[in-house]
Amino acid sequence: MTINGQPSASQEQAAPEPARPVALITGVGRSIGIGAGIARQLAASGWDIAFTYWTPYDRRMEWGAEDGAAASIARELEAAGARTAAIEADLTGPDAPIRIFDEAEQRLGPVTALVLSHAESVDSGLLDTTVEAFDRHFAVNTRASWLLIREYGLRFRGEPGSKPGEPGVGTGAGAGRIVALTSDHTVGNLPYGASKGALDRITLAAAHELAHLGVTANVVNPGPVDTGWMNDDLRAAIAQGTPLGRLGTPQDTAHLVDFLCSPQGQWVNGQLLKSNGGAAP
């Protein structure tokens, strides 16, 4: 039935909900971590979230593993409207990136944003770093990051000129986003800092080599963020040396990553951004 040539209310079809783009975030193993903060922020901004975690790493560290963290984080993200896929993965294995992307795509669909928040970080300096520790740091922080970025580039299905959630819509901005978290800490933390420095170069290369896909790639240095690894003396010393007089929070990093992943962040590309409250290196 029509009224004055117009379809009646019963004939009108509700517009379909736009598809939520998918973000794959690595290193989301603890609820107070930077990775979890980024996942929460992106979920609130309309992204579906696949995330990786590796419980044996946390068990090796002094803070220990957080029982049930992956399931708890997933419930939080789902409460914000996101579909989720929690993927436990040992990034020391060179085949891990393929498996991660396979599972993320099977459960949620093609990945639009890749956020590298994972890290192997065990303190040691020039004289006491072992070959085993050095190789493990580079396997996780550098090789795995390269392989994840490569897998992302091989599989990316967006079109240049589209924006997240709207494949193929000509806006002058590409849809794809890569954001990697880094550190400038090297003294007494040699394998971590050196492997993160190599990660920087790989990510910045992606800004140029994946540009034809409509992908931007940036590196974020979040500065001193206490996620349970600082003691009271270190917290006080860092806060005193920061112009803003406080430590960073996972939310500080998450807000910047959220911007970089948004259409508004399209013009920021191939950059190493310090989000550290002005803390001196």
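FYI, the numbering just counts along the sequence from 1. Just so you know, these numbers come straight off a predicted model, no measurement behind them.
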>> What I'd like to find out is whether the side chain of His118 reaches to under 4.5 Å of the side chain of Val140, using heavy atoms alone.
In response: yes

> Of the options Leu91, Leu181, Leu148, which is the one that meets Leu116 in a side chain to side chain contact (heavy atoms under 4.5 Å, CB included)?
Replying inline: Leu148

> Are the side chain of Gln41 and the backbone N or O of Ala39 linked by a donor-acceptor pair below 3.5 Å?
Replying inline: no

> Any luck finding a side-chain donor-acceptor pair between Gln264 and Ser262 under 3.5 Å?
Replying inline: yes

>> For the residue pair Asp252 / Thr249, report whether a side-chain donor-acceptor contact shorter than 3.5 Å exists.
In response: yes

> Around Arg201, counting heavy atoms of other residues, nucleotides and ligands shown, do more than 12 lie under 6.0 Å from its CZ?
Replying inline: no

> Any sub-3.5 Å donor-acceptor pair from Asp128's side-chain atoms to Gly125's backbone N or O?
Replying inline: yes

> When you measure from the side chain of Arg177 to the backbone N and O of Asn218, does any donor-acceptor pair fall under 3.5 Å?
Replying inline: no

> Do Leu210 and Ile149 come close enough that some side-chain heavy atom pair is under 4.5 Å?
Replying inline: yes

> Side-chain contact, heavy-atom cut-off 4.5 Å: Ile98 with Arg155?
Replying inline: yes

> Which value, rounded to the nearest 0.5 Å, describes the distance between Thr203 atom OG1 and Lys196 atom NZ?
Replying inline: 9.0 Å

>> With side chain to side chain contact (heavy atoms under 4.5 Å, CB included) as the test, pick out the partner of Val179 among Leu256, Val219, Val257.
In response: Val257

> Side-chain contact, heavy-atom cut-off 4.5 Å: Val215 with Ile178?
Replying inline: yes

> Hey, is Arg40 close enough to Asp258 for a salt bridge, meaning N to O under 4.0 Å?
Replying inline: no

> In terms of hydrophobic clusters joined by side-chain contacts under 4.5 Å, are Ile202 and Leu213 together?
Replying inline: yes

> What are the two closest heavy atoms between Gly29 and Tyr53, and how far apart are they?
Replying inline: CA-CB, 3.7 Å

> Of the options Asp48, Val22, Ile100, which is the one that meets Val111 in a side chain to side chain contact (heavy atoms under 4.5 Å, CB included)?
Replying inline: Val22

> Leu199 and Ser145: which non-hydrogen atoms are nearest, and at how many Å?
Replying inline: CD1-CB, 3.5 Å

>> Tell me if a side-chain donor or acceptor on Thr52 pairs with a main-chain N or O of Glu88 at a distance below 3.5 Å.
In response: no

> What are the two closest heavy atoms between Phe259 and Val268, and how far apart are they?
Replying inline: CE2-CG2, 4.1 Å

> Quick one: CD1 on Ile25 to CH2 on Trp47, what's the gap to the nearest 0.5 Å?
Replying inline: 9.5 Å

> Can you tell me if Glu151 uses its side chain to pair, donor with acceptor, with the backbone of Phe101 under 3.5 Å?
Replying inline: no

> To the nearest 0.5 Å, how far apart are OG1 in Thr129 and CG in Leu190?
Replying inline: 5.0 Å

>> Between Tyr152 and Leu147 (side chain of the first, backbone of the second, donor and acceptor by atom type, cut-off under 3.5 Å), is there such a pair?
In response: no

> Minimum heavy-atom separation for Val122 to Pro191, with atom names?
Replying inline: O-CG, 4.4 Å

>> So if I apply the side-chain hydrogen bond (donor to acceptor under 3.5 Å, both in side chains) rule between Ser195 and each of Thr182, Thr142, Asn141, which one comes out positive?
In response: Asn141

>> Please report the interatomic distance CZ(Phe156) to OG1(Thr112), rounded to the nearest 0.5 Å.
In response: 6.0 Å

>> So does Gly35 get a backbone contact from the side chain of Arg30, meaning a donor-acceptor N/O pair under 3.5 Å?
In response: no

> When rounded to the nearest 0.5 angstrom, what is the spacing between OH in Tyr57 and CZ in Arg136?
Replying inline: 10.0 Å

>> Ignoring hydrogens, what is the shortest heavy-atom contact between Ala113 and Cys261? Give both atom names and the distance.
In response: CB-SG, 4.1 Å

> Between Ile49 and Val28, does a side chain to side chain contact (heavy atoms under 4.5 Å, CB included) hold up when you go through it step by step?
Replying inline: CA-CA 11 Å; Ile49 307 294; Val28 186; over 6 Å; no

> Going only through I, L, V, M, F, W and Y residues with side-chain contacts under 4.5 Å, is there a path from Ile34 to Tyr192?
Replying inline: no

> When rounded to the nearest 0.5 angstrom, what is the spacing between NE2 in His137 and OG1 in Thr92?
Replying inline: 13.0 Å

> Does Glu209 CD have over 12 foreign heavy atoms under 6.0 Å away?
Replying inline: no

> Of the non-hydrogen atoms in Ser121 and Asn189, which two are nearest, and what is the gap between them?
Replying inline: OG-ND2, 4.1 Å

